[in-house]
Amino acid sequence: MATRSKRSISRRVPGLERHEVTTQIVSTSPQAPSDLIYETAALTPGQVAAAVALARSAQREWGSNAFARANALRESANALRAKSAEAAALIVREVGKPIIEARGEIARAIAILDYYAQAALDPIGEVIPPSVPGVLLSTRQAHGVAGLITPWNFPIAIPIWKAAPALAMGNAVVIKPSEYAIGCARFLEELLATTLPANIFTVVSGLAETGQALIANSDVVSFTGSVGVGGKVVAAAAGRGIPVQAEMGGQNPAIVLPDADLQLASTHLAQAAMGFAGQKCTATRRIIVVGDIARLNEVSEALVAAVESLSPADPSQEGVVVGPLINSGAREKFVAAAQQATAAGGKLLTGGKVLERDGWFVTPALFTGLEADHKLMTEETFAPFTGVIGVRDVATAIEVGNSIRFGLTASVHGRDLEALLRVARELQTGMVKINTPTAGVDFHAPFGGTKDSSYGQREQGKDALRFYSITRTITIGAGTRMFE
Ligand code: NAD
């Protein structure tokens, strides 16, 4: 069995300078690693600079006509709608996302394109009372070229939720997708080539070097991915003095209050923790149960039953909620985490095993018995790996929930509205969900976290339009000329 499902190979190529090598990106299916999805060369920094230069010259006309942009975005939504089934099947095949979620991802991407097609015609400024006779205006206009760096886990929706507002405001977009989702990115590039002018939406394939070259040439940068890489992206963009936003990891808490409806809460929590094999930034990673030991046991039993009902299987089958991990490295990390949990005195309530079949499948792991400040509780494993922790009172639950460096999202489960609202208010996350899973936020609401989970302005909704544009102030003088 291969040890890596996707690989990059550096090799010398005839015709290139002696010092130049190409890196080959190979994307294969996580459920069937012998299934090759796409293979392509990584772009060199010089090639990235050339792609951005083409985008910059195409942007001038694109940025000058909001009606043309609105129409092109609406056509893009229609083009994706017409290819929904093909797009969903490609997501399943390339990243192992369960088909029901893949369909949801495409529906979200279409809705986003429709929303920003409308938003392209929103007001772009204000009229301000001037201090001297005349007119004082503020208007918003595009930065130029938006450099977008995206992860593999929402291979169509994340590129679209960055690109659509950037395009609506008149920017050209150059995107460096994850090497694990290059097939989906190429699909999108080909689709949008039929609805957008040339060089307005360009994909540059590659790894870190290609991503850094994109930052070095763009006018505004938006990143989604891990916290380690996000720090480097923010530093590079800030070093150039260009606007940057970064959406990164989470270690999201769910607080189960003593009066929570156990059946409802355990179903929500199992789905939020283990759906898509826990490979969402918004997945529930820490379940904090308020009450005595009897309550902890009762909640744990309900959770084990709910998690065990989600058996991992081929993600293309209807009804499957848990597919494989993205690659062998992710599976090794998961196995190591399960071993570390038991070595540190924790107990696996269920799961934590490799499935003996083709693909990177594991059984979703629920564990308990680790201190709240143990590394496995405070750092993201990005797998179906969730800890259960018992606390005596609500104040401690909030303290534990807030005790880590991440602050993306949280959920709270119970019946007493006053208590739910108080906990929601005191949790220090960018998003809070009440009696609903941590995963998922409407596409037209602001999306983002606090602390190390996010940097810069929120994504989605109207916030995104502000991020992808700059304010200019225009003063028109009047009343200085003398009339007879
Ligand atoms: P990753 O950080 O490994 O890669 C993200 C992107 O950055 C890829 O395109 C990658 O090629 C590129 N990259 C890697 N090194 C780079 C560098 N030095 N400079 C520039 N670009 C570089 O993340 P991933 O494994 O693709 O995705 C999983 C991570 O993304 C998880 O941590 C998850 O929590 C996070 N995520 C966050 C959100 C959110 O909105 N907060 C959404 C989805 C995923």
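Counting starts at 1 for both ligands and their atoms, in listed order. All values derive from a computational prediction rather than experimental measurement.
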Q: Could you please spell out the steps behind the side-chain hydrogen bond (donor to acceptor under 3.5 Å, both in side chains) verdict for Thr429 and Lys451?
A: CA-CA 8 Å; Thr429 49; Lys451 302 195 252 181; over 6 Å; no
Q: Treating Lys280 as the side-chain partner and Phe154 as the backbone partner, does any N or O pair qualify as donor plus acceptor under 3.5 Å?
A: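 Looks like no, no N/O pair under 3.5 Å.
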Q: Give me the nearest non-hydrogen protein atom to atom 28 (C) of ligand 1 as residue plus atom name, then the distance to 0.1 Å.
A: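 Nearest protein contact, heavy atoms only, for atom 28 (C) of ligand 1 is Phe382 CE2, 3.7 Å.
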Q: Take Thr363 and Leu355 through the test side-chain contact (heavy atoms from CB on, under 4.5 Å) and record every step on the way to the result.
A: CA-CA 7 Å; Thr363 52; Leu355 276 191; 3.9 Å; yes
Q: Using a strict cut-off of 4.0 Å, indicate which atoms of ligand 1 neighbour a heavy atom of Thr224.
A: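 Close to Thr224: 5 (C), 36 (N), 37 (C), 38 (C), 39 (C), 40 (O), 42 (C), 43 (C), 44 (C).
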Q: Might you point out which heavy atoms bring Ser222 and Phe467 nearest each other, and give the distance in Å?
A: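 Scanning both residues completely, I find the closest heavy atoms to be CB-CE2, 4.2 Å.
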Q: Check Asp452 with Arg405, please: is the shortest side-chain N to carboxylate O separation under 4.0 Å?
A: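 Salt bridge flag = yes for Asp452 with Arg405.
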Q: Any side-chain to backbone donor/acceptor pair from Arg458 onto Phe447? Under 3.5 Å, distance only.
A: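 A pair under 3.5 Å: no.
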Q: Which pair of heavy atoms, one from Ile470 and one from Ala142, lies closest together, and at what distance?
A: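 The pair with the smallest heavy-atom distance is CG1-O, 4.3 Å.
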Q: Using a strict 4.0 Å cut-off to heavy atoms of Pro177, name the atoms of ligand 1 that fall inside it.
A: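 Answer for ligand 1: 9 (O).
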Q: Answer with side chain, backbone, both or neither: which part of Thr150 has a heavy atom less than 4.0 angstrom from an atom of ligand 1?
A: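 Looking at Thr150 and ligand 1, just backbone atoms fall under 4.0 Å.
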Q: Under 4.0 Å, heavy-atom basis, I'd like to know which part of Glu179 is in contact with ligand 1: side chain, backbone, both or neither.
A: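 Near ligand 1, Glu179 shows its side chain, while the N, CA, C and O stay back.
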Q: Can you name the atoms of ligand 1, numbered from 1 with element, that are less than 4.0 Å from a heavy atom of Asn153?
A: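 Checking each atom against Asn153, I get 43 (C), 44 (C).
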Q: Give the residue and atom name of whichever protein heavy atom lies nearest to atom 16 (C) of ligand 1, and the separation in Å to one decimal.
A: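 Atom 16 (C) of ligand 1 sits closest to the protein heavy atom Val229 CG1, 3.4 Å.
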Q: Heavy-atom contacts with Ile149 under 4.0 Å: which atoms of ligand 1 show up? List them by number with element.
A: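 Under 4.0 Å from Ile149, ligand 1 has these atoms: 6 (C), 7 (O), 9 (O), 12 (C), 21 (N).
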Q: Nearest to atom 18 (N) of ligand 1, what protein heavy atom do you find, and at what distance?
A: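 So the nearest neighbour among protein heavy atoms is Ala208 CB, 3.5 Å.
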Q: Quick one: nearest non-hydrogen protein atom to atom 34 (O) of ligand 1, plus distance?
A: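 Looking at atom 34 (O) of ligand 1, the protein heavy atom closest to it is Glu380 OE2, 2.7 Å.
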Q: Before signing off on this row, confirm whether Lys176 and ligand 1 have an N or O atom pair separated by under 3.5 Å.
A: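 N/O-N/O distance under 3.5 Å: yes.
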Q: Can you name the one residue among Glu179, Glu94, Arg186 that meets side chain to side chain donor-acceptor pair (under 3.5 Å) with Ser27?
A: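 So the option named by the test is Glu94.
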Q: Charged N to carboxylate O below 4.0 Å: is that the case for Glu209 and Lys176?
A: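 No, this pair does not count.
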Q: Of all the heavy-atom pairs spanning Arg140 and Arg466, show the shortest one and how long it is.
A: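 Heavy-atom minimum between the residues: NH2-O, 2.9 Å.
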Q: Would you check whether Trp152 has a nitrogen or oxygen atom less than 3.5 angstrom from a nitrogen or oxygen atom of ligand 1?
A: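 Checking ligand 1 against Trp152, an N or O pair does fall under 3.5 Å apart.
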Q: Which ligand 1 atoms, with their elements, are less than 4.0 angstrom from a heavy-atom of Phe223?
A: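 Checking each atom against Phe223, I get 2 (O), 5 (C), 6 (C), 7 (O).
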Q: From atom 29 (C) of ligand 1, work out which of Ala235, Gly249, Gly250, Gly225 has a heavy atom at the shortest distance.
A: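 Result: the heavy atom closest to atom 29 (C) of ligand 1 is in Gly225.
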Q: Can you confirm whether something in the protein, heavy atoms only, sits under 4.0 Å from atom 4 (O) of ligand 1?
A: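 Given the 4.0 Å cut-off, atom 4 (O) of ligand 1 does not count as touching protein heavy atoms.
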Q: Which residue supplies the protein heavy atom nearest to atom 2 (O) of ligand 1, what is that atom called, and how far is it?
A: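 Answer for atom 2 (O) of ligand 1: Ser226 OG, 2.6 Å.
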Q: Counting non-hydrogen protein atoms only, what is the nearest one to atom 27 (O) of ligand 1? Give residue, atom name and distance.
A: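 That would be Pro151 CB, 3.3 Å.
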Q: In terms of side-chain geometry, is the basic nitrogen of Arg240 or Asp219 positioned less than 4.0 Å from the acidic oxygen of its partner?
A: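 Answer for the salt bridge query: no.
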Q: Atom 42 (C) of ligand 1: which protein heavy atom is closest, and how many Å away?
A: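 Ranking protein heavy atoms by distance from atom 42 (C) of ligand 1, first comes Cys281 SG, 3.0 Å.
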Q: Mind checking the CZ-OH spacing from Arg93 to Tyr38? Nearest 0.5 Å is all I need.
A: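 If we round to the nearest 0.5 Å, Arg93:CZ and Tyr38:OH are 12.5 Å apart.
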Q: Heavy-atom pairs closer than 4.0 Å: do any link ligand 1 to the side chain of Gln279, the backbone, both, or neither?
A: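 No part of Gln279 is near ligand 1 at this cut-off.
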Q: Mark up the atoms of ligand 1 that fall under 4.0 Å of a heavy atom belonging to Ile158, in ascending order.
A: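 Near Ile158, meaning under 4.0 Å from one of its heavy atoms, ligand 1 has 42 (C), 43 (C).
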Q: Quick one: list whatever passes side chain to side chain contact (heavy atoms under 4.5 Å, CB included) with Gln31, sequence neighbours left out.
A: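 Partners of Gln31 by the side chain to side chain contact (heavy atoms under 4.5 Å, CB included) criterion, ordered by chain and then number, come out as Ser29, Val92, Pro315, Pro324, Phe361.
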Q: Which protein heavy atom lies closest to atom 40 (O) of ligand 1, and at what distance to 0.1 Å?
A: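 Checked against all protein heavy atoms, atom 40 (O) of ligand 1 sits closest to Phe447 CE2, 3.1 Å.
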